[in-house]
Every structure is written in C-alpha cells, then in structure tokens.
Amino acid sequence: MRTILAIICLILATSLIVMSCCTEPETSSLKGTVLLVNDSGDPANDPLDHSGVTVALYELASLDTTLVRINAEYPQIGVLISQATDFDHRYQTPVATTTSAADGSFELKEIDPGSYNLVILNEGWGISYKHNLEVTKGETLDPGSMNLYPIVTFGSTALEPVTFKAEHTYVIPGDMIFLAQVEFEQEPKILASPGSIVKFYGNVICPDSENMDKAWKMMSSDGIY
C-alpha cells in the first residue's frame, strides 16, 4: 500500500513539474515611463499630464550585410552603419503600440522574445528612439524613464549662436541659414523639410563619439507623425 501511495505521489509531483514547465509564458512584456519636460521657458508648453504619448515597438531595420562585414573588418574606413543610421519608423510597421498614462507609465504586452527598436513620439513634443532592446522570454524589460521635449521650429535665418541640445527635436521648415556658431550635442534630431537647403556660415562644433546611437541625425520632416 505504501508503495502504491509513493508511486501516486511521484506521479502527482511529476505532473506538477510538467504543468509548471508548460505554463511558462512564451511571450514577454516591456514597460517604462515617458515624461514631457518643458524646458522651453514658455509656460504655454507646460503639460497637464504625461498621457497620450505614442509608444511603438519595431523590428530592427535590415542592414546591408556587406557594409556590416566591412565595418567589422575595417572600422576606420568608410561610413559606419547601425540601427541609429538606418532605422526610420516611417518605413516599418510596428509589432506593438500603446499610449502613456497620466503619470507617463506604459506597458507593451505579449511581445515575442527578440531584438527591437523602441519609438516614443508626441506631436509638438518631438521623437526619440531606443535601439537594439533585447527582450527575453518570459521577462519584463524596463528601458527606464525617457523624456520628450517641446519641438523647436526655426525660421529662415539664425543670427545668434544655436545649440542643438541632446535628445531634443528641431524642425527646419524651409531653406535655412545659420550665420553664427552652431553646436551639436549628442543625440538631437533635426527634421528638415524635403528639398530644403541648410547653410552654415559660422563655426560648427560637433563632439566626437564612438557610439553611433549618440550621433546627431538630420532627417526628413515629412510625415514624421
């Protein structure tokens, strides 16, 4: 009798282990916080809350394998390519989207494990990318708190020195002339109207960076939202 009970207990224990393995989640989730930070000095830009920011997850952009191989073998030759240089959310379909809550929190659920690019954007508040996020099976990835700042829109001429601030977004709606010094910090995005001509007549200061994700980027403003 004891032998039979022992066998039954062993079968039950084995079944529970199998059930536990079978119920392990196959997908993952991603959650974080987006904050709207008004550093423009204009109180009209003060947000009522941090809700409504679009958060979208995308598969990685396909990179030219030949260029990737050349970059790896000869890193000092040619132009380095990466997700930072080649990814543009307008040319891909997101695998998941959501919007932030009043406190800026968001969560994307049922994400297949893999590598992704994360995009946050809000009209009037710019756009920000996080590249090469690794989502692990059954786990929740937290990319941390991310900020969006009010968009700065230029006219046709800048007479005073201009600094393109890190993680800020700028719009150049037409032909533009910078007459004074221009400084590029790391990671601003400059959205220029298609076909516009931008000229720099003063000193241009641009910090060195070994990380392409931190480089400044000029792209088309067409259909950014």
Side-chain angles (χ1 to χ4, degrees), residues 13-39 45-63 68 81-151 166-169 186-189 191 211-215 217 219-225:
T14 304
S15 299
L16 288 173
I17 293 173
V18 172
M19 289 177 64
S20 176
C21 294
C22 293
T23 55
E24 181 181 346
E26 294 292 327
T27 58
S28 308
S29 61
L30 187 151
K31 65 179 181 180
T33 304
V34 178
L35 299 178
L36 300 175
V37 180
N38 178 22
D39 63 353
N45 291 326
D46 290 340
L48 297 177
D49 54 43
H50 305 283
S51 64
V53 178
T54 298
V55 181
L57 198 65
Y58 293 80
E59 293 182 350
L60 300 184
S62 297
L63 302 181
V68 171
I81 66 168
S82 68
Q83 292 302 311
T85 60
D86 284 35
F87 173 74
D88 189 325
H89 72 284
R90 291 172 291 184
Y91 304 124
Q92 295 183 219
T93 301
V95 299
T97 60
T98 188
T99 56
S100 60
D103 63 353
S105 62
F106 67 87
E107 183 172 11
L108 295 168
K109 299 179 179 180
E110 298 184 359
I111 305 300
D112 291 332
S115 299
Y116 297 94
N117 292 326
L118 182 68
V119 179
I120 58 172
L121 68 162
N122 196 41
E123 189 164 3
W125 285 86
I127 180 171
S128 181
Y129 291 167
K130 276 190 175 291
H131 301 101
N132 295 303
L133 293 179
E134 294 291 337
V135 177
T136 305
K137 177 181 176 182
E139 296 185 357
T140 298
L141 176 65
D142 186 349
S145 179
M146 295 168 285
N147 296 337
L148 283 184
Y149 304 90
I151 279 183
E167 299 182 356
H168 286 58
T169 302
Q186 293 187 350
E187 221 173 343
K189 285 185 173 57
L191 311 177
N211 185 351
M212 288 299 295
D213 286 356
K214 299 297 182 181
K217 184 175 184 180
M219 55 200 296
S220 166
S221 63
D222 187 39
I224 196 68
Y225 295 110

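These numbers come from the heavy atoms of this one structure, side chains and all, not from hydrogens, waters or symmetry mates. These figures come from a predicted structure and were not determined experimentally.
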Contacts of Q83 that satisfy side chain to side chain donor-acceptor pair (under 3.5 Å) - sequence neighbours left out: N117
Pair M219-L191, side-chain contact (heavy atoms from CB on, under 4.5 Å): steps then yes or no: CA-CA 5 Å; M219 55 200 296; L191 311 177; 3.2 Å; yes
Whether Y129 and F87 hold their rings parallel, tilted or perpendicular, with breakpoints at 30° and 60°: perpendicular
Separation between CG of L118 and NE2 of H131, rounded to the nearest 0.5 Å: 10.0 Å
Candidate pair Y116 and V95, rule side-chain contact (heavy atoms from CB on, under 4.5 Å), full reasoning: CA-CA 9 Å; Y116 297 94; V95 299; 3.8 Å; yes
More than 12 heavy atoms from other groups under 6.0 Å of CD on E107: yes
Atom of L141, atom of E134 and distance for their closest heavy-atom approach: CD2-O, 3.6 Å
Donor-acceptor pair, side chain of S28 and main chain of T136, under 3.5 angstrom: yes
Nearest atoms (heavy-atom pairs only) where S100 meets F106: CA-CB, 4.3 Å
Separation between CG of D86 and CG of L60, rounded to the nearest 0.5 Å: 11.5 Å
Distance in Å, T169 OG1 paired with I151 CD1, rounded so as to fall on 0.5 Å steps: 5.5 Å
Stepwise side-chain contact (heavy atoms from CB on, under 4.5 Å) test for Y225 and N122: CA-CA 8 Å; Y225 295 110; N122 196 41; 5.8 Å; no
Rounded distance [0.5 Å steps], OG in S115 versus CG in N132: 6.5 Å
Any side-chain heavy-atom pair of P150 and L36 under 4.5 Å: no
Backbone N/O of S128 and side chain of E167: donor-acceptor pair under 3.5 Å: no
Shortest non-hydrogen contact between K31 and P143, atoms and distance: O-CD, 3.2 Å
Crowding at CD, Q186 (>12 non-hydrogen neighbours, <6.0 Å): yes
Nearest non-hydrogen partners of M146 and I120, listed with the distance: CB-CD1, 3.6 Å
Reported CG-to-CG distance for the pair N147 and N38, which is rounded to 0.5 angstrom: 12.0 Å
From D88, I127, T97, V55, residue fulfilling side-chain contact (heavy atoms from CB on, under 4.5 Å) relative to V119: I127
Derivation and outcome, side chain to side chain donor-acceptor pair (under 3.5 Å), residues S220 and D222: CA-CA 5 Å; S220 166; D222 187 39; 5.1 Å; no
Whether H89 side chain and I224 backbone form a donor-acceptor pair below 3.5 Å: yes
Smallest separation among heavy atoms of T85 and I81, with atom names: OG1-CA, 3.3 Å
G32 versus D142, closest heavy-atom pair with distance: CA-OD1, 3.7 Å
Atom pair CD1/CD of I111 and E139 - distance to nearest 0.5 Å: 14.5 Å
